[in-house]
Structure formats: structure tokens, C-alpha cells
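Single-structure report; data block below.
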Amino acid sequence: MTELERVPPGVDPSVPSSARVYDYLLGGKDNLTIDRAVAERLLSVAPDSRLTARANRNFLARAVRLMARRGVRQFIDLGTGIPTSPNVHELAREIVPSASVVYVDYDPVVRLHAEVLLAHDKNVASIQADVRRPRAVLDDPEVTRLIDFSQPIGVLMIGLLHYITEAEDPAGIIAAFREPMAAGSHLAISHGMAESAPEALAQLKAATANSPAQPTFRSHDRVLALFDGFELLEPGLVPVQDWRNSEDPLLLPGHETPQLRIEGAVGVRP
Ligand code: SAM
């Protein structure tokens, strides 16, 4: 079967997708020629980008485990990506075996894989929805079935917000999710940084021009401001590979500072 025959309905194989480019960087197989071309252009100037992608994923794992240890039993993972193990429900259930998780992504390829993977678990759901319409996400029947907003929840925006432009109002989107979150709820964000190596940013921008995979990387101060209404847990907003990393060291050989910089933090709703 050719690659084009495998493309699900609603997917234009000439347009790169951030989910599939990231899948390729993580070593996955759910990507198309156009996605591999974007990733290879990035890797040609920033060869450590595979490690950066892995470090971002490891940040997600540490953030979920920490939230579960702090009593969070229900999670909304916004911008899930193509399922890659361990996933949020597997991580949370290491600590809270009954944890519920709703996965949210607008990419039809993500939906396809998540449906197959999660079909048999009644406390895990996957919905295809756009976080730029937060009300539709919050009112989705799977969200209202699995998430009790009177109790603390964990909201994950890992590697997501740099696909939201300024005109699309990332702070407003976060505020819409923050508003129903009970005290003790947690928000984890990781975000591509404007302080990344200029050549890496330029290649990524050029390779993803006019596509939804084009990122808007933001400065450290701008990302920090997105935690408005949350108290940051130690160590604050830092490179993802440095965040509470003593238990899970990931070295980035050859580069003290990776060329593609991603920073992350976890905040708590007081
Ligand atoms: N969160 C995963 C992780 O960090 O391992 C995947 C990150 S991947 C780089 C970004 C994901 O965000 C993609 O799967 C993409 O489809 C999704 N995404 C981007 N914009 C979105 C939107 N407006 N609504 C829902 N999902 C979105």
C-alpha cells in the first residue's frame, strides 16, 4: 500500500502536521513525506532536535507523575499528539490507578490512533476538538462524563501553545480553561522559545510556511505571563530537560543549550 493510500479522510498529504513532524522526531512511523522533509530541514541545522523532542516528552511524564502525587486524579491533555507510550493515563495510573484522562487534539490522524488504542477503557476518552474553541472542549460529553470540575484537575498544554498565534489569543484560551478549575488544580505548559538558535527558528519557519505546523515561539517572559492566575511550583519556568530532572536525567550531548529551546513549568490554582 502506498503512503498516499494510507492517508485518512480530511488529511492533505501536501501540508505538514505538527503531530506528525513531532512523531517523526520521536522515532514514530505515523508521518508522511512532507513531515519528514520539515523535520530533516530542522535537523540539518539543529541536529539535537530529536533529543529536545524526547526531553519535552520526558517533561510531560514528570509533570503528570508530580500532579498525581499531589492528589490529581483527572486530566485533560490538550494537544495530545499521536499516542506514544507511556501516555498520560499510563503515567497517572502508576500513582492513581483509577485516574481518568480525556485526550484532545484537532488532528484526524491523532484521533484515528487514539480511538484504536483506547477503545476498551471507560475512564479514558479521546476527542477531536480545537482548543481555540475552549467552550466546545469543556462542554464535550466525554469531558463532562469523565471530569468533575468540583475536584482538582490537571490540564496539560505540552508543546501546544506555540501553534496558537497572538491573534488567536493564547492567554484568553488558558483563561477559559482556568475559570472552571477548582483550587488545587494544576496546569503544565511547555513552549518553544524565541531564545532558540536563530538558524533553527528560521529553518522551521521556512519549512512550515503557510501551514498549521508553523510555530509562534515566544520569549521566556511572555510564556511566564501565560501562567497568570497560577502559582508556579519550583523550579519555575526552565528548560524542559532541567525541570525536576534528578530522577530522570537526560543529557543533550554536545550542547549545553539545545538549539531548539523548549521551556516548561507547572502552576497550581490557589
Ligand atoms: N502534547 C504532546 C507532547 O508534547 O508530547 C504532543 C505535542 S505536538 C508537538 C502538538 C500537538 O498539538 C499536535 O498533535 C497538534 O495536532 C496539536 N494541536 C495544535 N493546535 C491545536 C489546536 N488548535 N487544537 C487542538 N490540538 C492542537
Side-chain angles (χ1 to χ4, degrees), residues 8 10-12 15-28 30-32 35 38-39 42 49-64 75-91 101-114 117 126-138 140 142-143 154-170 172-174 176-177 187-193 196 204 207-208 211-217 240-241 243 250 260-266:
V11 174
D12 178 348
V15 178
S17 117
S18 62
R20 299 189 316 251
V21 172
Y22 184 65
D23 173 72
Y24 179 70
L25 289 173
L26 286 176
D30 298 305
N31 45 74
L32 304 177
D35 310 306
V38 169
L42 174 64
S49 298
R50 286 182 194 280
L51 283 170
T52 311
R54 178 54 57 193
N56 180 58
R57 196 69 206 166
N58 289 355
F59 165 76
L60 172 145
R62 295 195 301 278
V64 170
F75 296 82
I76 305 179
D77 181 19
L78 300 169
T80 300
I82 291 165
T84 172
S85 195
N87 243 311
V88 175
H89 66 288
E90 295 163 324
L91 293 159
V101 179
V102 183
Y103 293 106
V104 181
D105 204 293
Y106 71 174
D107 189 310
V109 176
V110 173
R111 178 63 192 273
L112 204 68
H113 287 280
L117 194 76
S126 169
I127 65 170
Q128 187 175 351
D130 192 326
V131 301
R132 291 170 296 185
R133 288 192 284 282
R135 200 63 259 162
V137 175
L138 290 164
D140 186 280
E142 292 289 38
V143 174
V155 172
L156 308 174
M157 299 186 176
I158 310 294
L160 166 74
L161 293 168
H162 45 243
Y163 299 110
I164 308 292
T165 64
E166 282 303 298
E168 291 166 341
D169 188 17
I173 292 171
I174 296 169
F177 285 100
L187 170 70
I189 292 177
S190 75
H191 200 293
M193 305 311 290
S196 297
L204 195 53
T208 54
S211 86
Q214 171 119 82
T216 302
F217 281 8
V240 281
Q241 65 274 16
W243 190 87
L250 182 101
L260 198 66
R261 292 187 66 168
I262 302 183
E263 294 191 0
V266 174

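Remember, it's 1-based here, ligands and their atoms both numbered in the order they're listed.
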Quick one: nearest non-hydrogen protein atom to [atom], plus distance?
atom                    : result
atom 24 (N) of ligand 1 : Val131 N, 3.0 Å
atom 7 (C) of ligand 1  : Ile158 O, 3.6 Å
atom 16 (O) of ligand 1 : Asp105 OD1, 2.6 Å
atom 26 (N) of ligand 1 : Tyr106 N, 3.4 Å
atom 23 (N) of ligand 1 : Asp130 OD1, 2.8 Å
atom 15 (C) of ligand 1 : Ser18 OG, 3.3 Å
atom 10 (C) of ligand 1 : Gly159 O, 3.3 Å
atom 12 (O) of ligand 1 : Gly79 CA, 3.5 Å

So is [X] polar-close to ligand 1, meaning N/O to N/O under 3.5 Å?
X      : answer
Tyr22  : yes
Leu78  : no
Asp107 : no
Leu60  : no
Asn56  : yes

Would the distance check show the side chain of [X] and the main-chain N or O of [Y] forming a donor-acceptor pair, the cut-off being under 3.5 Å?
X      : Y      : value
Asp130 : Tyr106 : no
Glu168 : Thr165 : yes
Arg261 : Thr52  : no
Thr80  : Val104 : yes

- Message: Are Asn31 and Val21 packed together at the side-chain level, in the sense that at least one heavy-atom pair is separated by less than 4.5 angstrom?
- Response: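 Contact flag for Asn31/Val21 side chains = no.
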
- Sub-4.5 Å side-chain heavy-atom contact between Ile82 and Val109: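 In short, these two side chains touch, coming nearer than 4.5 Å.
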
- Message: Looking at every non-hydrogen atom in both residues, tell me the closest pair between Asp35 and Val15 and how far apart they are.
- Response: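 Nearest pair, atom of Asp35 first, then Val15: OD1-O, 4.5 Å.
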
- Heavy-atom contacts under 4.0 Å between Ser190 and ligand 1: side chain, backbone, both, or neither?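 It is neither; nothing of Ser190 touches ligand 1.
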
- Would you say the side-chain atoms of Ser190 and Glu263 include a donor-acceptor pair closer than 3.5 Å?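 Judged by distance alone, the side chains do not pair up.
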
- Query: Is the closest side-chain donor-acceptor distance between Tyr22 and Asn56 under 3.5 Å?
  - Reply: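 A donor-acceptor contact under 3.5 Å links the two side chains.
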
- Which atoms from ligand 1 have a heavy atom of Gly81 less than 4.0 Å away?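 Close to Gly81: 6 (C), 14 (O).
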
- Message: Closer than 4.0 Å to some heavy atom of Ala129 - which atoms of ligand 1 meet that?
- Response: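 Listed by number with element: 24 (N), 25 (C).
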
- Query: Mind checking what makes ring pair (Phe, Tyr, Trp, His ring centres under 6.0 Å) contact with His162, not counting sequence neighbours?
  - Reply: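 Counting only residues at least two positions away or on another chain, His162 forms a ring pair (Phe, Tyr, Trp, His ring centres under 6.0 Å) with His191, Phe217.
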
- Query: Is the cationic atom of Arg50 (NZ for Lys, CZ for Arg) positioned less than 6.0 Å from the six-membered ring centroid of Tyr24 and within 45 degrees of its normal?
  - Reply: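 Verdict for Tyr24: a cation-pi partner in Arg50.
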
- Whether Ser17 lies under 4.0 Å from ligand 1, heavy atom: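 No; Ser17 lies far enough from ligand 1 that no heavy-atom distance drops under 4.0 Å.
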
